[in-house]
Amino acid sequence: MPRSSTLVALVPLLLASSAFAGRVRPSNISASSSYPPENGERYEAKQGSDGKLATSWVEGDDGGGLGSWIRIDLGGAKNVTEIKIWGGLWYSYEYWQRANRPSQVELKFSDGSTQEFDLEDKMVVQTITLPKAVNTTSVRVKVKGIHRGTTWNDTAISEIQVHDDSSDGTVEVANYSASSELPEDADGNYKPVNLADGLGDSMWCEGNKDGDGTGEWLQFSFGGSKSVSKLAMVNGIGSSMSVWMKGNRATKATLEFSDGSTEEISIKPTFMPQTVSFPSRSTSSVKMT
């Protein structure tokens with residue numbers, strides 16, 4: 001995680017009427033078992049879908065984790081179209097290599113039906129697109145195969161997201177670009193595409209060593225004209241209040257649209273999520289400086 005005071009980290013999403021599938025917020029999360037607390041760290045089921053990569057569910061069954069499962073209750077019937085899985089311990093690259101990761105999972109739905117999918121042995125989000133939307137009140141992810149870690153004989157999942165066919169009001173961004181980015185370190189990367197994952201401790205950070213972030217920019221390209229009127233964001237490093245206070249935060253920005261017009265916006269220096277409104281525009285891109 002970046003510590004320098006010369007960084008700006010943002011997690012913005014552009015809101016509009018034309019939007020892509022929404023993320024389902026879990027009503028409850030349970031698991032077959034959980035690894036017991038150790039050295040002040042917990043590995044409970046709820047950490048498998050809490051919006052943070054630094055916290056993880058780790059199974060506590062005998063053996064390497066085959067047959068262990070975590071279930072996401074959806075709070076009602078949803079037409080599920082997609083599951084995203086961050087397999088392994090994403091606290092750092094080192095920890096990811098040391099713990100087991102799922103190589104194959106079985107998805108079980110509330111009607112008893114199941115589907116199996118293979119997962120790559122890469123520290124990337126694994127997106128499972130269902131062949132057909134499944135109407136279900138829950139999704140159980142069962143470990144059917146594992147990629148072996150170098151140190152610990154336990155299987156971890158840092159995050160699971162369930163998406164349905166509803167609209168969440170957010171424009172899908174076809175391409176992200178930025179004036180600069182902080183180089184990868186032991187905790188991961190700081191690429192602008194991280195703004196799309198909806199996680200509080202995954203972010204873009206500018207990487208200009210000679211400045212404090214003023215003048216740095218992000219550009220969101222939509223692949224076609226979209227109507228946009230709001231910018232939702234976490235301004236700064238969103239993993240915790242203590243870390244948030246160590247990095248710079250934006251106070252104002254200029255939005256430039258594809259027709260060359262601009263809009264000046266003010267941004268609150270707050271740890272909490274915020275939404276900034278501006279007059280609706282039809283545009284194929286937004287550049288935020």
Side-chain angles (χ1 to χ4, degrees), residues 23-76 78 80 82-128 130 134 136-163 197-202 239:
R23 177 185 172 190
V24 181
R25 304 292 177 178
S27 62
N28 188 58
I29 306 170
S30 56
S32 57
S33 66
S34 296
Y35 194 82
E38 188 175 73
N39 299 323
E41 297 293 333
R42 307 183 71 86
Y43 305 96
E44 301 166 323
K46 65 181 181 180
Q47 297 183 170
S49 191
D50 63 356
K52 292 184 178 181
L53 292 178
T55 58
S56 305
W57 168 66
V58 181
E59 52 81 22
D61 294 343
D62 292 335
L66 290 176
S68 299
W69 54 263
I70 181 171
R71 184 174 65 220
I72 313 296
D73 293 318
L74 308 179
K78 306 291 183 181
V80 173
E82 185 179 85
I83 313 291
K84 293 187 175 183
I85 299 177
W86 285 258
L89 290 174
W90 278 60
Y91 182 78
S92 68
Y93 281 132
E94 177 192 357
Y95 276 65
W96 183 83
Q97 293 171 341
R98 297 178 72 179
N100 292 347
R101 294 83 63 182
S103 65
Q104 186 181 62
V105 295
E106 175 195 83
L107 303 182
K108 184 175 183 179
F109 306 101
S110 57
D111 63 0
S113 64
T114 61
Q115 298 181 32
E116 292 188 3
F117 298 90
D118 293 329
L119 303 180
E120 295 181 285
D121 192 21
K122 296 181 179 179
M123 194 178 176
V124 297
V125 57
Q126 313 266 340
T127 300
I128 297 173
L130 302 182
V134 176
T136 183
T137 60
S138 64
V139 178
R140 191 190 74 175
V141 180
K142 184 177 182 179
V143 179
K144 299 285 286 185
I146 57 175
H147 297 293
R148 290 283 180 183
T150 61
T151 306
W152 301 306
N153 191 32
D154 300 288
T155 297
I157 294 177
S158 287
E159 191 72 11
I160 298 173
Q161 288 183 359
V162 178
H163 294 256
D197 61 20
L199 301 173
D201 54 359
S202 172
S239 54

With heavy-atom distances below 4.5 Å as the criterion, would you say the side chains of [X] and [Y] are in contact?
X	Y	answer
Glu106	Gln115	no
Ile146	Pro102	no
Phe109	Leu130	yes
Trp90	Met123	yes
Leu74	Thr136	yes
Asn100	Arg148	yes
Asp154	Asp61	no
Lys108	Trp69	no

Hey, is the main chain of [Y] close enough, under 3.5 Å, to the side chain of [X] for a donor-acceptor pair?
X	Y	answer
His147	Leu119	yes
Ser32	Ser68	no
Trp152	Gly149	no
Ser158	Ser56	no
Asp201	Ala54	yes
Asn39	Glu41	no
Ser110	Thr137	yes
Gln126	Glu120	yes
Arg101	Ala99	yes
Ser27	Gly75	yes

Legend entry - Minimum heavy-atom distance Thr155-Gly65, with the two atoms named: OG1-CA, 3.8 Å
Legend entry - Smallest separation among heavy atoms of Ser34 and Ala45, with atom names: OG-N, 3.6 Å
Can you measure from [atom1] ([X]) to [atom2] ([Y]) and round to the nearest 0.5 angstrom?
X	Y	atom1	atom2	result
Thr150	Arg98	OG1	CZ	6.5 Å
Leu53	Thr55	CG	OG1	8.0 Å
Leu89	Glu94	CG	CD	11.0 Å
Leu66	Gln104	CG	CD	10.0 Å
Ile160	Ile85	CD1	CD1	5.5 Å

Legend entry - Check: Arg71/Asn28 side-chain N/O donor and acceptor closer than 3.5 Å: no
For atom [atom1] of [X], is the number of surrounding heavy atoms from other residues, nucleotides or ligands below 6.0 Å larger than 12?
X	atom1	answer
Arg42	CZ	no
Lys46	NZ	no
Tyr95	OH	no

Legend entry - Passing candidate, side chain to side chain contact (heavy atoms under 4.5 Å, CB included) with Trp57, options Ile70, Val141, Asp50: Ile70
Inset, instruction - For Glu159 and Arg23, run salt bridge (charged side-chain N to carboxylate O under 4.0 Å, His left out): C-alpha distance rounded to whole Å, both residues' side-chain angles, the deciding distance at 0.1 Å, then the answer. - result: CA-CA 13 Å; Glu159 191 72 11; Arg23 177 185 172 190; 3.5 Å; yes
